[in-house]
Structures are given as C-alpha cells and as structure tokens.
Amino acid sequence: MSIEEIIVENQRRRAALFAEVDPVSGEGSVGERRQVEIAGAVPRRQWVPVAMLDDPSVADIIHTGRAADATAAERWERARIRHDFPYWAARYVYIKRKGGGDDCLFRLTYPQRKFVARLEELRLAGKPIRIVLLKARQWGGSTTSQLYMAWLQLVHCTGLNSLIIAHQGTGSDEIKDMFDRMVRAYPARLLHPIGEHYEETEAKLVGVGKTRSIFRVPQRNCKIKIGTAERPDSCRGGDYNLVHLSEVGLWKATQGKKPEDIIRAACGGVLYKPMTMLIYESTANGIGNFFHREYIDARDNPRSQFRALFIAWHEIEQNTLPFESEAERQAFAQSLIDNREQPQSLSNREESGRYLWWLWEIGATLEGINWYMMERAKHSQHGSMAAECPSDDTEAFVNSGAAVFDKYQVEALRPGCRKPAWIGDVSGPVGTGMDMGPDALIGLEFREDAQGQLWVWALPGSESLTNRYVAVVDIGGRSYKADWSAIVVIDRLPMASGGKPEVVAQWYGHIDMDLLAWKAAQIAAFYGEALLVIESNTLETRDPLRQVDGDQSHFILNQIKDAYPNLYARRQSAEDIRQGMPRKYGFHTNIATKPMIISTMVKVVRDGLYVERDERCLNELLVYERKPNGSYGAIIGAHDDLLMTRAIGLHIAYYEMDLPSTPISPTAFRPRSTLF
C-alpha cells in the first residue's frame, strides 16, 4: 500500500468515525431510514426509521405530509420517540457533561451508535435482547445500556421492571445519580397518554420501602432496582424484565457466592421473550472466568442465547491525536510502511513496527495510532495497555506482558476445538480402589456416562499399529484446591502421511495419584497400547501445595511398569548403562527439560503443527508467561496442567518416536468399545 492510498483510506475512516450525525433530523442516525417532509413538524424534513412508516398512529400524517394541528403534531412526536431511540435521547434525556459544566442532552457517539444498532436489530426482529458487551474504557457503554432500558420502560411498555447490578457501591451511586438527573428533567407529559391530565410538578421517581435501592416511576408502573456485586443479597431478582450487569469481569467471589451464582439469582426470572433484555457488560479481566466464557460462547457458539459485541479503543472518537501538518501525517504513514516487518520494539514503552502496522490493518486511523503511541508511553508493559485499551477481543483478555505464546497463533488453533463426541470412562470387569493391579487392564471397555471425566473426540482406530498413540499424564493433587490431574491421548497416525497429530481423548479431575496412574494405564491400553508418559516430578518430590506425600515414584511407577509394557523411560547415558543403573521411568520436568519442551510447544503452536480439541488448553496457553526470574508458569490464579501434557506429549511425538507402522501383536488386555 502506498502513502497516497493510506492517506485516502485514512480520510474515509475518519469520515466514518467523525461523521456529522444529526439525531434530531435523523440524518446519518442509527438504522435504516427514509426521508419524509411533514409540515407542522420540527424539523420539517426528517430521516425516520423505516418501521415508523408503517405505524398506523401516524399513517394519515405520512400520507398527507402535514401535521394539521397540535394533536397531530403531538402524535407525530410520540411516534418518533417510540421508534427512534437516538432522537428520544437527544431531545429529552439529560446526562452529566463529561469534564464538568451543566447537564447536557444525550447524543450518541460512534461506539454508542454501534451498540444501539445491535440492540435495535434484536428488538425490531421481535427477539429477546441478549448481549455480552466487551469494551475498552470510557465511552459510555453502561450509560447507553441503562438509558436504553429506561426508553423501553418510559416509552414502550408499562410495567417493565429493570435491575442494574454495579461492580461496587460507587457504581450504584453513579447509576442512581444518572436516573435522578434524567427523570428530573424529563417532561411529565411524556409519561402520560395524549390527553391525560398531568401536573408538571408531579413525582416521577419515588422510593420503595426503606431500602434506598428500589425506585418506582408511578406513571409507568415500573420499578428500577440497583444493587452491587459486593452485596449479593441486593442482586436477587424478582419480577424483572430488563437486567444490566456492569463490569461483570471484575466481580469478585464473595463468601458462598461466585459471580455466576449472583447472575443466576439475578437473571433466573427473566423470561425468554420479546421486550426483555440481559446485558453482561465489562472490560476484560483475564481468561477462564465467567465473563470470558460467556463472551467466547456468545461469539462462537450458535446455540448461545447471547450475541457478542466488542468495542475497540480505536472506535472511540476521543482516542485520536491530530498531526500538526499534512507533511507530518505523510511522514507518519511512511514510517508505518517502512517498519511494518519490524518484530521488536526499541523500549518497553513502545510497540513494534509490525504491531503498529497491524493496528492500521484492523481499521485504526493514523491519528488513532498516533494517540496509541503517546498513550502507550504511560505503560511499561503491553499487557497493562491492552487491559485498558484493547485492540481486538483476543488481546482484551490477555494482559500479560511476558506471554510465551503468541495470542493470534493460539487463536488459529481454536477452530479445531469442539465438544467431545462421548463422555464416560474406561474400565474393566475388575480393578477398583485397592484392587487396582494388572487385572485392571483386562477386558477394557468404554462406557458412556454423562458424569464421567473422560472426554473422547475419537475412539481407538481399528488399525493395530505401533507408535500410533501417546498418552501423557500430569499429576495434580487429590483436593479440589490442588492442581488438576490430566491425561491426554494424542493420535500420531496423521503424521505417517505428513499430517498433524491430534488430541483424541482427555481425562481431567482430582484423584489419588496411585489411582490416577492405573487410570492412565487403562486409558493408554484402551488406545492401542499407547506409549504412556507419566510426568514424574510430583511423584519424586514433596510439594505441600499439591498435597502429596514424598517420593512415591519407585513404588507407583514400578507397579505400572510390571503390568504395562509400554511405559516411557528416560534415555540412559553411556555411564549409567556401564554402571548398570536401573532405568528411570516417567518424564522429569527440570531446568534442562522444561525449556526444551516449551520451545517445542512454541514452535508447534506457531506453525499450527497439531490439532487441539479442548479450548481450555488454549486458555492455558494464553495465560502462560515467562517469569521475571526466567522460569515458566501460568499467571497467578491460572493453571497449566493441560498445557504441560501437550508440551511433553508433542515433544515426544515429534522427537522421540518413530512413525506409526508395524502392527501390534495381540495382548491379554486388548481393549474394545461398547459403542460398536
């Protein structure tokens, strides 16, 4: 792209971002519109939503092109505010002016128009409004959501009750202040049908009981309840139709209440029907929490009730920094072109040339990128900037400045993820608890069980080949507060024809480690005598956080070795062999081997060299970082159990195993499946 092309495209982007929108005339406003001229209306020429053209209450006015008297003019006005939220907001809704000064009428900005367009799309289709809103800070998303609910309550239907749950008490105070300002200035006549008697001084917002958290608009027979996630009892829903949950990603678990518990209590009574509304809105706060899961589901899962909406920093008008001259703008554009392949930044308060070019590619203006560079200088890490001003919905959730895996390379693996084809367990006719032993590997079958901990994407193939499957075990603890234990099975058959290994099964849960070892042996045996690789660090060390007891490796691994013939053993040095040292079973992750397997994992993710099925593993990849002391690990509060099974398994699959080939001879514990 040439400088001239960049300048022309930049002008187009700026025109869209700073478009002159007149919400009163309707020109350029939200949604599909038609121009009409109505004598007696103000203004005479208006661009109205197309739905208004079919409104029987104003059909005669549209037909004749004039509001013949004051009553007709009032009918036109009522129809306009009923069909046109931006018009209603710009004419009758006063809000606090940003930066101080007198209250001002609410005119939608570019990101607010984008949000309202999505709300109106659902309302006009007669669908329940369900949106998960992921946003950059400071553009009025909460205000827009709450005032849209007020529009439905005050204009559309009587008896619509709303519930708003803020992150903290200060948030609920601000919401109450916003409603006070808005209702205080709202014309009393608009709360009544045309011709009904009213008083300009009549009460329009009254308290209910002594809670100071529930208010009522008597003319519309509706309630507004305001609670906070800090006080879960204030969030319990009742007969509510409209619910807005603000900064959900920042909600902390309280005693006996997780965010999802609060949300379930608040939203459980909201019916799935038109003129109902659920909004989960927040800036991002890490991977794997309720808000992250709901957003990803709304974005990717067609069965979700919700729609996803993301607002990036470069869609916010105030996030621009003008150039002093056209020459400066062109020089800036030239620098973007010249450095677009540069992968490194010059300091920890800058971004690389490649990243800045990517900002241009996703739609930022030159003035926006100029602002971003200035704002980035406030932050010593990319992650803190991304938390406040995310560029896309992947970056929004990943706040680590020392991420090991490139987030976009990780996301490229997500299309392969899917729900398991079967859930259940592998077991035989004998061998549970204290009876676990060699007989536990005889007559193995897969049995479906909705409560099972084994997820299966593909059952064992009919071909009996050596080196086809590798099963890797990462040992956690027996307590639900400890790390998870994980067993993954990787199918290497595609590698024989130049393809990629695939995750085909996974066990995930908490269990005593001796039982876990036998469970892993059962799963490995079921999958064609897979090479069984047990990560032995936990067995060989005493770690109180994992709640395990000393060195159990000799006892457990040797039990498995005597019963299962394809157990992974470390390569012996020539000196060990000369001295007759016993073989050591299990994969030991240490200062030498961990960088090795993580380097392999980085390469595999970068080049897309395996097929992942469980998106939870991708979430672990996104929060895996290099610590200040040079070690690797998950960010505080996150796990890396699934990641480590892949790192070990894929390293062995690519560097320590021959390609699948020779048929296996029959054994006493040949598995079979009850599904076929």
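Side chain of Glu247 to backbone of Thr283: a donor-acceptor contact under 3.5 angstrom is found. At distances below 3.5 Å, not a single donor-acceptor pair connects side-chain atoms of Arg34 with backbone N or O atoms of Pro49. Here the side chain of Arg340 pairs no donor or acceptor atom with the backbone of Trp357 at under 3.5 angstrom. For the pair Lys204 (side chain) and Ala188 (backbone), a donor-acceptor distance under 3.5 Å is absent. Between the side chain of Ser282 and the backbone N or O of Gly249, at least one donor-acceptor pair lies under 3.5 Å. Formation of a donor-acceptor pair under 3.5 Å by the Arg118 side chain with backbone atoms of Ala308 is found in this model. Here the side chain of Gln330 pairs no donor or acceptor atom with the backbone of Glu326 at under 3.5 angstrom. Here the side chain of Arg349 pairs a donor or acceptor atom with the backbone of Ala377 at under 3.5 angstrom. Counting only distance, with no hydrogens or angles, the side chain of Lys114 and the backbone of Phe310 share a donor-acceptor pair below 3.5 Å. Under a 3.5 Å cut-off, the side chain of Glu625 and the backbone N or O of Lys627 do not form any donor-acceptor pair.
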(Q) The test is salt bridge (charged side-chain N to carboxylate O under 4.0 Å, His left out); show your working for Arg13 and Glu9 and say whether it passes. (A) CA-CA 6 Å; Arg13 294 180 186 182; Glu9 173 61 17; 2.9 Å; yes

Q | Verdict with supporting geometry, Arg414 and Glu615, salt bridge (charged side-chain N to carboxylate O under 4.0 Å, His left out) | A | CA-CA 7 Å; Arg414 199 173 291 276; Glu615 68 174 5; 3.2 Å; yes

Q | Residue pair Thr144, Leu147: steps toward the side chain to side chain contact (heavy atoms under 4.5 Å, CB included) verdict | A | CA-CA 5 Å; Thr144 305; Leu147 290 177; over 6 Å; no

Q | Evaluation steps, side chain to side chain contact (heavy atoms under 4.5 Å, CB included), between Ile311 and Leu134 | A | CA-CA 6 Å; Ile311 302 296; Leu134 170 64; over 6 Å; no

Q) Are Tyr280 and Phe306 close enough, and set up right, to give a ring-ring contact (aromatic ring centres under 6.0 Å, His included), and what steps lead you there? A) CA-CA 9 Å; Tyr280 300 164; Phe306 287 80; 4.7 Å; yes

**Q.** Test ring-ring contact (aromatic ring centres under 6.0 Å, His included) applied to Phe18 and Tyr110, step by step
**A.** CA-CA 8 Å; Phe18 296 103; Tyr110 178 85; 9.1 Å; no

Q.
Checking Ser162 against Gln153 for the side chain to side chain contact (heavy atoms under 4.5 Å, CB included) test, could you report, in this order, the C-alpha distance in whole Å, the side-chain angles of both residues, the deciding distance, and whether it holds?
A. CA-CA 8 Å; Ser162 65; Gln153 291 175 294; 3.2 Å; yes

Q. Hey, mind stepping through Trp139 and Thr109 against side chain to side chain donor-acceptor pair (under 3.5 Å) and telling me if it holds?
A. CA-CA 8 Å; Trp139 59 269; Thr109 62; over 6 Å; no

(Q) side chain to side chain donor-acceptor pair (under 3.5 Å), that's the test. Do Gln318 and Trp313 meet it? Break it down for me. (A) CA-CA 9 Å; Gln318 67 193 32; Trp313 65 264; over 6 Å; no

Q: Any chance you could lay out the side chain to side chain contact (heavy atoms under 4.5 Å, CB included) test for Arg646 and Cys617, step after step, and finish with the verdict?
A: CA-CA 9 Å; Arg646 275 65 169 181; Cys617 183; 3.7 Å; yes

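Put simply, CD on Glu612 and CG on Leu618 are 5.5 Å apart, with the number rounded to the nearest 0.5 Å. Note that the CE atom of Met149 and the CD1 atom of Ile224 stand 8.5 Å from one another [nearest 0.5 Å]. Atom CD of Gln334 sits about 9.5 Å away from atom CG of Asn339, to the nearest 0.5 Å. We find the CD1-CD distance between Ile226 and Glu174 to be 11.5 Å, quoted to the nearest 0.5 Å. With rounding to the nearest 0.5 angstrom, the CZ atom of Arg299 is 4.5 Å from the CG atom of Asp393. From Ile95, atom CD1 reaches atom CD of Gln146 across 11.5 Å, with rounding to the nearest 0.5 Å.
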Using distance only, find each side-chain donor-acceptor pair of residues 598-607 under 3.5 Å and give its atom names and separation, not counting sequence neighbours.
| residue | atom | partner | partner atom | Å |
| --- | --- | --- | --- | --- |
| Ser599 | OG | Pro595 | O | 2.8 |
| Thr600 | OG1 | Met596 | O | 3.2 |
| Thr600 | OG1 | His651 | ND1 | 2.8 |

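Closest non-hydrogen pair, Arg137 versus Ile316, comes out as O-CD1, 3.7 Å. In plain terms, the two heavy atoms of Glu260 and Arg293 that are nearest each other are OE2-NH2, 3.2 Å. The nearest pair of heavy atoms linking Ile175 to Ala166 is CD1-CB, 4.0 Å. Residues Gly141 and Phe115 come closest through the heavy atom pair O-CE2, 3.7 Å. Here the closest non-hydrogen pair linking Thr394 and Tyr408 is CB-CE2, 4.3 Å. Ser304 approaches Asp297 most closely through the heavy-atom pair CB-O, 3.7 Å.
The only member of Leu152, Leu119, Val116 that meets side-chain contact (heavy atoms from CB on, under 4.5 Å) when paired with Phe85 is Val116.
Arg329 forms no cation-pi arrangement with Phe323, by the criterion of a distance under 6.0 Å to the ring centre and an angle within 45° of the ring axis.
Within the 4.5 Å cutoff, no side-chain heavy atoms of Phe397 are placed close to those of Asn285. Tyr92 places none of its side-chain heavy atoms less than 4.5 Å from the side chain of Leu105. Annotation: side chain of Arg75 is in contact with side chain of Ile61 (closest heavy-atom distance under 4.5 Å). Using a 4.5 Å heavy-atom threshold, the side chains of Ser29 and Pro86 count as touching. By the 4.5 Å heavy-atom criterion applied to side chains, Ile279 and Ile129 are counted as neighbours. At a threshold of 4.5 Å between non-hydrogen side-chain atoms, the residues Phe405 and Leu622 do not count as touching. Looking at heavy atoms from C-beta onward, Ile81 lies in side-chain contact with Tyr87 at the 4.5 angstrom threshold. The shortest distance between side-chain heavy atoms of Lys500 and Leu609 does not fall below 4.5 Å.
The aromatic rings of Trp151 and His156 stand perpendicular to each other, their planes meeting at an angle above 60°, with 30° marking the opposite boundary. The aromatic rings of Tyr355 and His382 lie perpendicular to each other, with more than 60° between the two planes, well past the 30° mark.
The pair Glu281-Lys135 meets the salt-bridge criterion, since a charged nitrogen lies less than 4.0 angstrom from a carboxylate oxygen. Between Arg376 and Glu351 there is a salt bridge, since at least one side-chain N of the basic residue sits less than 4.0 Å from a carboxylate O of the acidic one.
Residue pairs satisfying the salt bridge (charged side-chain N to carboxylate O under 4.0 Å, His left out) criterion with at least one member in residues 77-94, sequence neighbours excluded, are listed as follows: Arg33-Asp84, Asp55-Arg82, Glu74-Arg78, Glu77-Arg91, Arg80-Asp84.
For Asp180, the salt bridge (Lys or Arg N to Asp or Glu O under 4.0 Å) test picks out Lys176, with sequence neighbours left out.
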